[in-house]
Amino acid sequence: MPALVLLGAQWGDEGKGKATDLLGGSVDYVVRYQGGNNAGHTVVVGDQKYALHLLPSGILSPGCTPVIGNGVVVDPSVLLSELSGLNERGVDTSKLLLSGNAHIITPYNVTVDKVTERFLGKRKIGTTGRGIGPTYADKINRVGIRVQDLYDESILTQKVEAALDIKNQILTKLYNRRAMAVDQAVEELLGYADKLAPYVADTVLVINQALEEDKVVLFEGGQGTLLDIDHGTYPFVTSSNPTAGGACTGAGVGPTKISRVIGILKAYTTRVGAGPFPTELFDEDGEALRRIGGERGVTTGRDRRCGWFDAVIARYATRVNGLTDFFLTKLDVLTGWEQIPVCVAYEIDGKRVEELPYSQTDFHHAKPVYEMLPGWSEDISKAKSFTDLPKNAQAYVKALEEMSGAPISAIGVGPGRDETIEINSFL
Ligand code: GDP
Ligand code: IMO
Ligand code: MG
């Protein structure tokens, strides 16, 4: 029962889409277990580039069944337009399975997300504005709408009424906005029912049966460890659990079934939106990482904040996810620096700290302690094996592996499927 989890080890955008697509050819199912269309996963196949938001990156591998699990929040209009966009490009999406228990991002939750951010002013989180937080809040408050509710108009109407009851009070009295009409929301939601019907399934049963039949299942995380609602830099986080445990709840599989947990790790660090980021650069090095790495958001088009590699965070990701492997991405972006600083510890109020502090205040005060590693200038994008890499690039990878606490089993040297060095097989 080979079940693998593949997740972001930093603040998202580590290259999960590429890594998932790479494995997609050898796995039977790829399952998204949390998040929604706040994710933007780029996959490059030959000269074709795909930006996936809700669909699992396995959708581009013909033999693979893509699954949207119960833990995902689904904006039906985004899902349908993503599907038709792929169909127009000749991708067969008919195998997709969508959990009847997944929660729906309603139009009013997109509004609430945007209005709340505006209300927060300079304290805003910098969300993607896709309704993610309010939809998970409805789920926890037990006023959420699930995919299965689209197939019972009376229940759907009652649930929308319950959800809008309090929301309309908040929208009108606190935010000074117009109330949202129940019948309009219901009508819009019912309009998606028939179009989604072919995909709706009991995905928990399907996945567990697949595992019993020794099929290979890959769970693809959105976002990243430091954006996790429990383990991330709260409150500057997303509203779900991208960490490994999220795969169990978000797909309905027991932890005993998971055989491998792969952390996708960028050779430097990026972050989108607000929140602490100890190794962030505000100089020309940061600008160069952004330019060379193409660090611009796939979902919102925002420039990503860039900084050096942070080993404290990588160690933390190893711990909270029980990582068995790392997939190091974008090593090629670091080509050309004479020396590459790597953050090995923090200095917090004059004291050296080796591990991520649990206190938010301490983390906000954390200053990176850097070790300088020698750089390389050779083009590494054609490297096929570890030994093809220049000695200093090899040493950089080995140093990161040593500091991060799990073996680096693959290295990305470019965005394409082939631009990968495999060290240990994942399957
Ligand atoms: P995700 O959200 O984790 O899937 O990552 P994104 O797709 O948002 O951002 C990663 C970006 O880096 C995408 O544009 C990828 O095509 C690109 N990418 C992934 N791996 C590599 C790599 O090893 N080298 C380079 N140069 N680009 C990469
Ligand atoms: P992928 O899957 C990077 C960030 C947002 C914001 C915070 C909360 O492509 O790695 P939300 O809309 O989720 O309530 O926003 O989380 N964020 C991401 N940052 N990559 C992502 O996804 C992200 N999804 C959300 O920028 O700071
Ligand atoms: Mg992304």
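Numbering of residues begins at 1 and proceeds along the displayed sequence.
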Answer yes or no: is there a donor N or O on one side and an acceptor on the other, between the side chain of R260 and the main chain of T324, under 3.5 Å?
no
Salt bridge or not for R315 and E355, using N-O below 4.0 Å?
yes
What's the shortest heavy-atom distance between Y33 and L6, and which atoms?
OH-O, 4.4 Å
For D149, check salt bridge (Lys or Arg N to Asp or Glu O under 4.0 Å) against everything at least two apart and list the hits.
K159
For E153, does the CD atom sit with more than 12 other heavy atoms under 6.0 Å from it, leaving out its own atoms?
no
Residues in side-chain contact (heavy atoms from CB on, under 4.5 Å) contact with D228, at least two apart in sequence or another chain:
D230, H231, N241, P242, T243
Side chain proximity check, D28 to V217, heavy atoms < 4.5 angstrom:
no
Given side chains that start at C-beta, do those of Y268 and T279 come closer than 4.5 Å, heavy atoms only?
no
Cut-off 3.5 Å, side chains only: do D138 and N109 have a donor facing an acceptor?
yes
Can you tell me how far the OG1 atom of T238 sits from the CG atom of N38, to the nearest 0.5 Å?
4.5 Å
Sub-4.5 Å side-chain heavy-atom contact between V160 and Y108:
yes
Using modelled atom types and a 3.5 Å cut-off, is there a donor and acceptor pairing between side-chain atoms of S259 and backbone atoms of A3?
yes
Side chain to side chain, E295 and D303, heavy atoms closer than 4.5 Å:
no
Donor-acceptor pair, distance only, cut-off 3.5 Å: does the side chain of Y346 make one with the backbone of L356?
no
For residues L265 and A9, report the shortest heavy-atom separation together with the two atoms involved.
CD1-CB, 3.9 Å
Sequence neighbours left out, cut at 3.5 Å: what donor-acceptor pairs do the side chains of residues 168-187 make with other protein atoms?
| residue | atom | partner | partner atom | Å |
| --- | --- | --- | --- | --- |
| N168 | OD1 | M180 | N | 2.7 |
| N168 | ND2 | M180 | O | 2.9 |
| Q169 | OE1 | K173 | NZ | 2.6 |
| T172 | OG1 | N168 | O | 2.6 |
| T172 | OG1 | Q169 | O | 3.4 |

Taking all non-hydrogen atoms of both residues, which atom of I132 and which atom of N37 are closest, and how far apart?
CD1-N, 4.1 Å
If we ignore hydrogens and angles and just use 3.5 Å, is the side chain of E419 paired with the main-chain N or O of G412 as donor and acceptor?
no
Please check if atom CG in L190 has more than 12 non-hydrogen atoms from other residues, nucleotides or ligands closer than 6.0 Å.
yes
Side-chain touch F326/S404, heavy atoms, less than 4.5 angstrom:
yes
For a quick test of reading the model, state the closest non-hydrogen atom pair linking P415 to K18 and the distance between them.
O-CD, 3.5 Å
Tell me whether the count of non-hydrogen atoms from other residues, nucleotides or ligands lying under 6.0 Å of NZ in K384 goes above 12.
yes
Electrostatic pair R130:D75 at N-O distance under 4.0 angstrom
no
Do N101 and S99 have a side chain donor and acceptor closer than 3.5 Å?
no
Any side-chain heavy atom of V253 within less than 4.5 Å of one from V31?
no
Would you call I313 and W11 a side-chain contact if the rule is heavy atoms closer than 4.5 Å?
yes
Tell me whether K114 is salt-bridged to E117, with the criterion being a basic N under 4.0 Å from an acidic carboxylate O.
no
Enumerate, atom names and distances included, each donor-acceptor pair closer than 3.5 Å involving a side-chain atom of residues 41-70, sequence neighbours excluded.
| residue | atom | partner | partner atom | Å |
| --- | --- | --- | --- | --- |
| H41 | ND1 | E220 | OE2 | 2.9 |
| Q48 | OE1 | R89 | NH2 | 2.8 |
| H53 | ND1 | A39 | O | 2.8 |
| H53 | ND1 | T299 | OG1 | 3.4 |
| S57 | OG | E220 | OE2 | 2.6 |
| N70 | ND2 | T249 | O | 2.9 |

What pairs with Y136 under ring-ring contact (aromatic ring centres under 6.0 Å, His included), at least two apart in sequence or on another chain?
none
Before you tell me yes or no, could you show the steps for I262 and L23 under side chain to side chain contact (heavy atoms under 4.5 Å, CB included), namely the whole-Å CA-CA distance, both residues' side-chain angles and the distance that decides it to 0.1 Å?
CA-CA 12 Å; I262 306 160; L23 295 176; 4.3 Å; yes
Taking every heavy atom of V5 against every heavy atom of A247, the minimum-distance pair comes out as CG2-CB, 3.9 Å
For the pair N208 (side chain) and V204 (backbone), establish whether a donor and an acceptor sit closer than 3.5 Å, ignoring hydrogens and angles.
yes
K195 atom NZ: more than 12 heavy-atom contacts under 6.0 Å
no
Indicate whether any N or O donor in one side chain lies under 3.5 Å from an N or O acceptor in the other, for D13 and T270.
no
To the nearest 0.5 Å, what is the distance between CD1 on I145 and CG on L150?
8.5 Å
Partner residues of A267 under the side-chain contact (heavy atoms from CB on, under 4.5 Å) criterion, sequence neighbours left out
L328, L331, L334, Y396
Is R290 close to R304 at the side-chain level, that is, under 4.5 Å between some pair of heavy atoms?
no
